[in-house]
*Asks:* 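Here it is: the structure, laid out below.
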Amino acid sequence: MAKKILLDKINIPGIKSYEVYRENGGYDSVEKALKTMNPDDITEEVKTAGLRGRGGAGFPVGLKWSFIDKKSGKPRHLVCNADESEPGTFKDRYLMEHIPHLLIEGMITSSYALGANLSYIYIRGEYMWVFKILEKAIKEAYANGWLGKNILGTDYSLDLYVHCGAGAYICGEETALLESLEGKRGNPRMKPPFPAISGLWGNPTVVNNVESIANVPWIVNNSGQEYANIGIGRSTGTKLISASGHIKNPGVYEIELGLSVYDFINSPEYCGGMMDDRPIKALVPGGSSVPILPAHLIYKTAEGNDRLMSYESLADGGFETGSMLGSGGFIVYNDSACIVRNTWNFARFYAHESCGQCSPCREGTGWLEKVLYRIETGNGSLDDIDLLWNIQSNIEGNTICPLGDAAAWPVAAAIRHFREEFEYHVLYPEKIKDRDHFAKEPYSQVKQNIGK
């Protein structure tokens with residue numbers, strides 16, 4: 001049985017309530033931290049754990065905490081990024097909806113480690129029902145002495161608030177989130193300075209996502225070394241995966257990092273195999289912004305090694321033959337899927353969500369969407385494929401924030417691995433008029449019939 005850290009207690013009846021959560025060991029990490037540890041001790045445990053940011057970038061959490069400016073004398077803040085807007089990703093919502101006190105406990109323990117006395121959870125606008133669940137949990141925490149002045153009779157005080165955004169994907173970027181939290185338009189800031197030096201209202205600030213913070217209570221209770229003993233290499237601990245697409249069992253799963261991709265897709269404990277038992281065609285392992293992997297690279301790397309659910313293994317080979325674990329938005333496609341339509345759909349999203357601050361992203365995402373639409377509807381040319389490649393290459397690496405990269409990478413990977421499918425759309429427009437063209441005639445069969 002795989003180790004469970006975050007979902008271990010999620011099926012206990014009533015775990016959403018304070019009483020049941022407390023009866024099952026809830027808030028023990030706060031008590032241990034405030035009564036037996038100093039803030040630096042907690043940071044060192046998180047460093048030892050090797051916990052990496054679970055929002056997508058995978059940056060070491062303890063290292064990020066160590067960057068916070070403790071010498072300026074300014075107030076410090078912890079901000080939880082609950083603006084889960086990456087298409088294909090829904091695991092943070094699952095945690096907040098079903099075991100909200102785990103996040104509250106993690107916020108208190110982490111805020112103590114950072115010396116923050118005022119912290120925030122920034123949640124996306126579409127999660128209004130989850131917003132209300134968190135509000136209720138925070139009130140319960142205040143009522144039972146876990147928030148407010150002199151927590152547990154110590155000299156540590158913390159106020160915690162939930163702030164609801166307006167549903168902008170760009171506010172998942174940490175500096176755009178801070179701008180929005182300050183009441184301004186959610187445009188990303190130039191870095192440096194980084195938030196650890198000048199963040200919320202110019203104060204030292206750490207921004208971590210929901211899953212990252214929810215791991216902290218277990219690490220404090222059990223030690224960083226115990227956490228580091230789980231997983232593989234520098235991919236320590238467990239990871240929540242949002243699994244969707246053409247699989248038999250879509251849902252949220254907690255895996256030990258290092259599980260093989262084959263076992264995750266085919267095990268009855270997880271995805272349960274392919275829907276309708278059709279062959280797998282492609283995989284997006286980490287949310288819509290990461291490169292797509294074709295079938296021959298899903299279970300094996302280019303060198304023939306087993307592909308594992310880890311930061312390193314999924315990235316093996318770079319973007320030529322690899323991808324990214326990202327946020328864990330795991331989208332599986334069988335042979336009925338149209339890669340051109342899927343890529344166009346992602347491009348529509350990024351064109352809509354660009355904040356418009358950088359011209360490569362503002363103009364480029366719109367053109368990606370338009371050209372992909374031409375090809376998808378049978379009105380494109382072969383030159384359009386090269387045009388797409390040119391557009392994405394002019395976006396990648398040329399924007400203030402990673403949204404430009406997020407829009408460019410899926411297009412580049414789709415052309416790199418499925419160029420002949422783009423050419424098929426151009427050369428045989430009459431064949432793709434039917435929206436379910438590949439469902440009725442899989443592309444592997446279509447290729448054999450081309451020219452007949």
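The figures that follow rest on heavy atoms only: side chains count, while hydrogens, waters and symmetry mates do not.
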*Asks:* Which pairs with one or both residues in residues 316-332 pass side-chain hydrogen bond (donor to acceptor under 3.5 Å, both in side chains), sequence neighbours excluded?
*Replies:* T89-S327

*Asks:* Should R348 and E376 count as an ion pair when the cut-off is N to O under 4.0 Å?
*Replies:* no

*Asks:* Would you call E140 and K136 a salt bridge, using N to O less than 4.0 angstrom?
*Replies:* yes

*Asks:* K248 pairs by side-chain hydrogen bond (donor to acceptor under 3.5 Å, both in side chains) with which of N266, D277, D276?
*Replies:* D277

*Asks:* Taking the side chain as every heavy atom from C-beta outward, state whether K74 and D69 have any atom pair closer than 4.5 Å.
*Replies:* no

*Asks:* For N221 and K32, work out which heavy atoms get closest and say how close.
*Replies:* O-NZ, 3.6 Å

*Asks:* Locate the shortest heavy-atom distance separating I138 from Y161; write the atom from each residue and the value.
*Replies:* CD1-C, 4.5 Å

*Asks:* Measuring only between side-chain heavy atoms, which start at C-beta, is E421 closer than 4.5 Å to V340?
*Replies:* yes

*Asks:* Tell me if the CG atom of N150 is crowded by more than 12 foreign heavy atoms within 6.0 Å.
*Replies:* yes

*Asks:* Which residues pass the ring pair (Phe, Tyr, Trp, His ring centres under 6.0 Å) test with F194, sequence neighbours left out?
*Replies:* none

*Asks:* Show the nearest heavy-atom pair for residues A49 and T236, with the distance to one decimal.
*Replies:* O-OG1, 2.7 Å

*Asks:* Salt bridge between K70 and D40, side-chain N to carboxylate O under 4.0 Å?
*Replies:* yes

